[in-house]
There are 2 protein chains.
Amino acid sequence: MPTLQDVAILAGVSTATVSRTLNKPELVEPVTRTKVAEAIKVSGYTRNEAARSLAMRSSRTIGLLTDNFASSYFAPIMDETVDILREYGYYTIVEATGNVANNIDPGKQRRAWQSLISRQVESIIVLSLLVDDAELENMLREFPNTVLIDRHVHEDSNRCITVDHYVGGQLAAKHLLDNGHRNIAMISGPENKPDANLRGKGFIDELLRQGCPIKENRIFQGDYTITSGTNAMQQILNGKDEVSAVFAQNDDMAAGVVNACYTAGIKVPEQMSVVGFDNSALATAVFPHLTTVSQPLKSMSHSAATLALNLSQRHQREGVLPNPQTHFMPALIERMSVMDIRPKQR
Amino acid sequence: MPTLQDVAILAGVSTATVSRTLNKPELVEPVTRTKVAEAIKVSGYTRNEAARSLAMRSSRTIGLLTDNFASSYFAPIMDETVDILREYGYYTIVEATGNVANNIDPGKQRRAWQSLISRQVESIIVLSLLVDDAELENMLREFPNTVLIDRHVHEDSNRCITVDHYVGGQLAAKHLLDNGHRNIAMISGPENKPDANLRGKGFIDELLRQGCPIKENRIFQGDYTITSGTNAMQQILNGKDEVSAVFAQNDDMAAGVVNACYTAGIKVPEQMSVVGFDNSALATAVFPHLTTVSQPLKSMSHSAATLALNLSQRHQREGVLPNPQTHFMPALIERMSVMDIRPKQR
DNA sequence: ATTACTGATGTAAGCGCTTACATTTGTACT
DNA sequence: AGTACAAATGTAAGCGCTTACATCAGTAAT
């Protein structure tokens, strides 16, 4: 592998000049600039980032900590983030905690986290629903340059990118109500997850406010997996309780609901309306396409990347980017899984 | 940030000793070992990987180049790979080419690739279906320490992890035939993709071999997207051609097929059987759950990671791992989307 | 007691960059 | 012609590690 030195000799200049033409071309004469460019080309030089990091005491690297890659919810965020970061010359190094629902390995979490830190990342973006709050606080104490997506830790709310799950729940409720539904069931996400709780609370409150309180026995516990949706729906169906609509707190469970309906010979949406949450890839894969609540993932990623950049070394040289929006509003995406059951116009 | 130096002073030893207790603890006296451990703890030291990389001329980093994170096919592979690599003390740095079907950006591809190389990765795992063959050859020339998943480049077949798509196609055909289907349609993947072509060829050949050749006009072109599956199926349905089963060359298109059937009021599998390919997350999300051909992604990832490790610097110190299997066989996963239409037993 | 090892530790060079500072060159004034 | 200053380039130190080599016990054999 050729080094800066090699290039310098080849071009007949000093290493400083080569370095400068690479990093601050405006400081070097156009003619030497081309000489150097030529030398780089013939030697096939690529800069050694390790040496650069060491010399600059800055790694130009942002860590991204996620639960696992399989979650459809993470993918768009990761795509976007990696993209923006590269645009600013930053690398993204990814670690996964390996967490999946019901299988959390604290050891692996810590190792992934440590791994990022010793890699001298300048900032970390946490995209994990499954690292628990206490652990998260620890991490933040250890490495404060962290931005959280969809998690909230009181101290530092301007480093949290959040979306209003409460409003999302309300949106779902409104939509069902607007379409004439009164006998409504809900399938919750994991008990201890604030996002799930808020979705539920928003939903319940809105129903109540519109004079149509949800019955206790129509609230079922799920855990965000497809099968938990299927199971809950089977209970609903077996209950011979006249339910016309169900709100599943995420799309995976909504898909499970649709599955259970088909199995039982119930038509969606004709006999059962369902609304999901997340607008994940599943929403348009199942039939009928799911009416769901979407989070503006793209904008959220953008904010996260910007925030991370601002926390990094970069801003000390090139200044800080305008501070991005951190709180976002969800929106209802109307598709085919909800039926209007209001009596026809007179 | 405390350095090795700081730790050494704190512990009253030389930097070499600290370094050794970190990397080859067996070379240092137990008592100094604990002294050093103590010093590390109180100072909160974490090693600077950049300096380490530079000194060792090895980054302990493997690059993973993918198309985008959203593809459900990639996720399990990435999960597994990152995991194994970390187990061996290796970092994974991920870059995405940003390619999605019908939207390929060669510039971004190259930048992602360059980015990995200047990061001094020791080896690259390419997990991309969309970088084209010519470009891939270029890349390999530039950086030969590369392992390819599910791509084939003639020169170096022991660096390609492949799965036998041809056999996969055969499996699909056999299954349909075994269940009594004779009027069969196929929806192809992208024209220029070898994997898609092989799936198709295996399927067609098997049909032919069993005396049931597929008609030309029952082969439809898709591009691996859900909507292309839907569109193709609509054509089939409109064609008033008596088809009882369709083979979609991936699960996304199969999901699209199911969608189109529902829209047209056709029941799956009662009136239309469908088999997909990939055993992706979608397969168990749609109703009925898809009968599909699965690739042993976990084993494949394992091989890829092992190969990458063997190509890295590591093997020069710690020796090479046994050479892993590189060619894999797919398997048919029977679920609910195919109906047995053979006449009942007498 | 001397010599010859062996094992634990220290010394210092060097990995490939960046950058403060020194030097050279060119330009525009007196 | 001489001075002052700016622009372009060079010199060399140092980023935080690893590791070959040197040093220094301590032990065992002569």
Side-chain angles (χ1 to χ4, degrees), chain A residues 1-36 39-40 43-61 89 91 117-122 313-314 316-318, chain B residues 1-36 39-40 43-61 89 91 117-122 313-314 316-318:
Chain A
M1 275 260 136
T3 69
L4 237 207
Q5 181 84 256
D6 300 333
V7 175
I9 293 171
L10 205 72
V13 298
S14 74
T15 57
T17 302
V18 178
S19 175
R20 277 191 285 257
T21 90
L22 247 28
N23 302 314
K24 317 211 168 125
E26 70 278 9
L27 294 184
V28 0
E29 199 88 314
V31 30
T32 47
R33 209 144 64 192
T34 57
K35 253 192 321 190
V36 170
I40 286 179
S43 64
Y45 169 79
T46 36
R47 97 155 42 100
N48 181 325
E49 289 289 340
R52 185 177 208 230
S53 295
L54 186 57
M56 308 209 327
R57 297 155 202 77
S58 130
S59 59
R60 288 188 160 261
T61 301
Y91 297 88
I117 292 180
S118 48
R119 226 8 177 22
Q120 312 296 111
V121 297
E122 296 180 17
Q313 305 261 315
R314 199 197 71 90
Q316 291 170 281
R317 314 166 206 280
E318 291 151 54
Chain B
M1 275 260 135
T3 71
L4 236 208
Q5 180 84 257
D6 300 334
V7 176
I9 293 171
L10 207 71
V13 298
S14 73
T15 58
T17 302
V18 178
S19 176
R20 276 191 286 257
T21 89
L22 247 28
N23 301 314
K24 315 205 168 132
E26 69 277 11
L27 294 186
V28 0
E29 198 88 317
V31 30
T32 49
R33 210 145 62 192
T34 56
K35 254 194 318 190
V36 170
I40 287 180
S43 64
Y45 170 79
T46 35
R47 98 161 33 106
N48 181 326
E49 289 288 341
R52 184 176 207 228
S53 295
L54 185 57
M56 308 209 328
R57 297 156 202 74
S58 129
S59 58
R60 288 187 161 261
T61 302
Y91 297 87
I117 292 180
S118 48
R119 228 356 174 29
Q120 311 298 111
V121 296
E122 294 180 19
Q313 305 263 315
R314 199 197 72 89
Q316 288 171 279
R317 313 166 206 281
E318 290 150 54

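Computed from heavy atoms alone, side chains included, the values below leave out hydrogens, waters and symmetry copies.
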Under 4.0 Å from any atom of DNA chain D, heavy atoms only: list the residues of residues 45-53 of chain A that qualify, in numerical order. none
Partner residues of B/Thr34 under the side chain to side chain donor-acceptor pair (under 3.5 Å) criterion, sequence neighbours left out: none
Suppose we screen for side chain to side chain donor-acceptor pair (under 3.5 Å). Which residues come up paired with A/Ser53, at least two apart in sequence or across chains? none
My understanding is that only residues two or more places apart in sequence, or in another chain, count here; which of them pass side-chain contact (heavy atoms from CB on, under 4.5 Å) with B/Thr61? A/Arg119, B/Ser59, B/Tyr91, B/Ile93, B/Val121
Heavy atoms of B/Asn23 and B/Arg47 approach each other most closely as OD1-NH2, 2.7 Å
Each nucleotide N or O in nucleotides 4-6 of chain C that has a protein N or O under 3.5 Å away: list the pair and distance.
none

Residues two or more places apart in sequence or in another chain: which of them pass salt bridge (Lys or Arg N to Asp or Glu O under 4.0 Å) with B/Arg33? none
Nearest heavy atoms of B/Pro2 and B/Ser43, plus distance in Å: CG-O, 3.3 Å
Atom CZ of B/Arg57 and atom CZ of B/Arg52: how far apart are they, to the nearest 0.5 Å? 13.0 Å
According to a strict under-4.0 Å criterion, is A/Thr32 in side-chain N/O contact with OP1 or OP2 of D/dA8? no
State, to 0.1 Å, how close B/Ala51 and A/Leu54 come at their nearest heavy-atom pair, and which atoms those are. CB-CD1, 3.7 Å
Between P on C/dT18 and CD on A/Gln5, what's the gap in Å once rounded to a whole number? 13 Å
Those residues that, when tested against B/Arg20, pass salt bridge (Lys or Arg N to Asp or Glu O under 4.0 Å) (two or more places apart): none
What parts of residues 21-30 of chain B reach DNA chain C, counting only heavy atoms under 4.0 Å away? B/Val28, B/Glu29
For A/Ile40, which residues count as a side-chain contact (heavy atoms from CB on, under 4.5 Å) partner, sequence neighbours excluded? A/Val7, A/Leu22, A/Val36, A/Tyr45
Return the CD1 to OG distance between A/Ile9 and A/Ser14, rounded to the nearest 0.5 Å. 11.5 Å
With a 4.5 Å heavy-atom cut-off, do B/Val13 and B/Val18 have their side chains touching? yes
Between C/dC17 atom P and B/Arg119 atom CZ, what is the distance in whole Å? 14 Å
Nucleotide of C/dG16, D/dT18, C/dT19 approaching A/Ala55 most closely (side-chain heavy atoms): C/dG16
Axial bend angle, the helix from C/dA1-D/dT30 to C/dT30-D/dA1: five-pair end segments, nearest 10°: 50°
Not counting sequence neighbours, which residues clear side-chain contact (heavy atoms from CB on, under 4.5 Å) with B/Thr46? List them please. A/Gln114, A/Ile117, A/Ser118, B/Met1
At what distance, to the nearest 0.5 angstrom, does NZ of A/Lys35 lie from CG of A/Leu10? 11.5 Å
Figure out the CG/P separation between A/Leu54 and D/dC17, and round it to whole Å. 9 Å
Extract from the structure each pairing of a protein N or O with an N or O of nucleotides 11-13 of chain C at less than 3.5 Å, listing the distance.
none

Answer with base, sugar-phosphate or nothing: what part of the nucleic acid does A/Thr3 contact at a heavy-atom distance below 4.0 Å? sugar-phosphate
Here the distance between atom P of D/dC15 and atom CG of B/Leu4, to the nearest Å, is 13 Å
Between the CG atom in B/Asn48 and the CD atom in A/Gln120, the distance rounded to the nearest 0.5 Å is 4.0 Å
